[in-house]
Amino acid sequence: MNRYLIAPSILTADFGRLKDQIQEADTAGPLIWHLDVMDGHFVPPLSFGTEIIKTVAKATDNLIEVHAMVAHPTEHFDSFTEAGASRLIFHYEAAMEAPNLGGPGLGETVLRARETGSEVGIAINPGTRIDEIEELLPEIQQVTVMLIRPGWGGQQMNPELLDKVKQLREISTRLNLLLNIEVDGGIKPNNAKLCIDAGANILVAGSAIFNQDSTPQQNLAEMKKSSPNLE
């Protein structure tokens with residue numbers, strides 16, 4: 001089993017003191033920084049681009065993953081890695097639609113991500129089945145299972161979607177894959193253990209870490225207390 005880690009999403013961080021907040025959170029222990037890049041097309045909201053990735057990369061030695069919620073992911077892979085990303089996560093749904101928009105298909109998208117030298121992850125929306133990506137699992141390092149509709153914060157996690165996590169962990173074990181299974185959407189201290197028990201080993205957390213109620217260190221400590229497996 002891979003390590004059990006929290007992946008803070010910075011969407012609700014204070015961007016006016018982003019470097020300080022990154023470094024404050026890093027004192028809580030091993031993390032993965034999860035950067036949600038949204039283009040206003042694949043999902044309606046716009047978030048940020050490579051300058052923010054560079055800011056995070058300068059502030060931390062922890063791994064940075066970019067969750068590309070964009071319609072044309074391959075067009076951005078090089079700029080994401082040059083800015084500091086070590087893991088590229090693109091959406092299955094965007095890759096499947098890309099040929100209709102003049103872009104590469106799913107397999108070619110995986111190949112192009114690998115060519116950057118980064119680890120590769122595929123994110124799947126709530127309506128996507130595991131069997132739609134199963135043949136690609138040996139070619140990638142991670143699957144990100146969306147437990148909410150992507151692009152909008154403040155949604156409640158749908159626990160029924162954890163069945164996908166169980167399926168993925170079963171397949172990973174059967175095929176002897178070192179596959180990270182990440183869950184994203186509505187992760188809080190009161191449901192973190194559910195995710196880990198289902199088979200997830202990376203938990204994305206946004207407003208549970210960056211909020212007005214407590215410091216990032218305090219929130220990370222609270223999250224870790226919720227499950228003994230979290231580092």
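In what follows, residues are counted from 1 in the order of the sequence shown.
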Could you tell me whether the side chain of [X] and the main chain of [Y] form a donor-acceptor pair under 3.5 Å?
{"X": "N211", "Y": "S214", "answer": "yes"}
{"X": "T173", "Y": "R169", "answer": "yes"}
{"X": "N158", "Y": "I148", "answer": "no"}
{"X": "T12", "Y": "F210", "answer": "yes"}
{"X": "E170", "Y": "Q167", "answer": "no"}
{"X": "T50", "Y": "I53", "answer": "no"}
{"X": "N125", "Y": "G127", "answer": "no"}

salt_bridge([X], [Y]) N-O dist < 4.0 Å:
{"X": "E108", "Y": "R112", "result": "yes"}
{"X": "E132", "Y": "K164", "result": "no"}
{"X": "R17", "Y": "E24", "result": "yes"}
{"X": "E139", "Y": "R114", "result": "yes"}
{"X": "K224", "Y": "E231", "result": "no"}

State, to 0.1 Å, how close [X] and [Y] come at their nearest heavy-atom pair, and which atoms those are.
{"X": "A59", "Y": "K19", "value": "CB-CG, 3.8 Å"}
{"X": "A208", "Y": "N219", "value": "O-CB, 3.1 Å"}
{"X": "P45", "Y": "M38", "value": "O-CB, 3.4 Å"}
{"X": "L88", "Y": "A85", "value": "CD2-CB, 4.3 Å"}
{"X": "G105", "Y": "T109", "value": "O-OG1, 2.7 Å"}
{"X": "P73", "Y": "A94", "value": "CD-CB, 4.3 Å"}

Worked verdict on I89 versus V120 for side-chain contact (heavy atoms from CB on, under 4.5 Å): CA-CA 6 Å; I89 305 165; V120 183; over 6 Å; no

About how many Å separate [atom2] of [Y] and [atom1] of [X], when rounded to the nearest 0.5 Å?
{"X": "I196", "Y": "I187", "atom1": "CD1", "atom2": "CD1", "answer": "9.5 Å"}
{"X": "F77", "Y": "T74", "atom1": "CZ", "atom2": "OG1", "answer": "6.0 Å"}
{"X": "E222", "Y": "I209", "atom1": "CD", "atom2": "CD1", "answer": "10.0 Å"}
{"X": "H41", "Y": "H72", "atom1": "NE2", "atom2": "NE2", "answer": "7.5 Å"}
{"X": "I181", "Y": "L203", "atom1": "CD1", "atom2": "CG", "answer": "11.5 Å"}
{"X": "K188", "Y": "C195", "atom1": "NZ", "atom2": "SG", "answer": "12.0 Å"}

Compare all side-chain heavy atoms of [X] with those of [Y] and state whether any distance is below 4.5 angstrom.
{"X": "I202", "Y": "Y4", "answer": "no"}
{"X": "L220", "Y": "T215", "answer": "no"}
{"X": "L178", "Y": "Q141", "answer": "no"}
{"X": "V56", "Y": "L35", "answer": "yes"}
{"X": "T27", "Y": "Q217", "answer": "yes"}
{"X": "R3", "Y": "P30", "answer": "yes"}

Starting from [Y], can I reach [X] by hopping between I/L/V/M/F/W/Y residues whose side chains sit under 4.5 Å apart?
{"X": "V143", "Y": "L111", "value": "no"}
{"X": "L147", "Y": "V43", "value": "yes"}
{"X": "L46", "Y": "L11", "value": "no"}
{"X": "V183", "Y": "F90", "value": "yes"}
{"X": "I32", "Y": "V37", "value": "no"}

Decide side-chain contact (heavy atoms from CB on, under 4.5 Å) for E182 and N180; before the verdict, give the C-alpha distance in whole Å, the side-chain angles of both, and the deciding distance to 0.1 Å. CA-CA 6 Å; E182 179 177 75; N180 288 312; 5.9 Å; no

Could you walk me through whether F80 and T116 pass side-chain contact (heavy atoms from CB on, under 4.5 Å), step by step? CA-CA 9 Å; F80 291 158; T116 67; over 6 Å; no

As a quick check of understanding, evaluate salt bridge (charged side-chain N to carboxylate O under 4.0 Å, His left out) for R174 and E134, giving each step before the final call. CA-CA 12 Å; R174 172 165 49 84; E134 185 171 351; 3.7 Å; yes

Taking atom types as modelled, is there a side-chain donor on Q23 or T60 under 3.5 Å from an acceptor on the other?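 Judged by distance alone, the side chains do not pair up.
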
Check the surroundings of atom CG in D61: do more than 12 heavy atoms from other residues, nucleotides or ligands lie under 6.0 Å from it?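 No.
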
Tell me if the CG atom of D131 is crowded by more than 12 foreign heavy atoms within 6.0 Å.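 Enclosed.
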
side-chain contact (heavy atoms from CB on, under 4.5 Å) between T144 and I122, worked out: CA-CA 6 Å; T144 299; I122 295 178; over 6 Å; no

For residues 62-70, dump all side-chain donor-acceptor pairs below 3.5 Å to protein atoms at least two apart in sequence or in another chain.
residue, atom, partner, partner atom, Å
N62, ND2, D26, OD1, 2.9
E65, OE1, R87, NH1, 2.9
E65, OE1, Q142, NE2, 3.2
E65, OE2, H34, ND1, 2.6
H67, ND1, H34, NE2, 3.2
H67, ND1, D36, OD1, 3.0
H67, ND1, D184, OD2, 3.4
H67, NE2, H91, NE2, 2.8

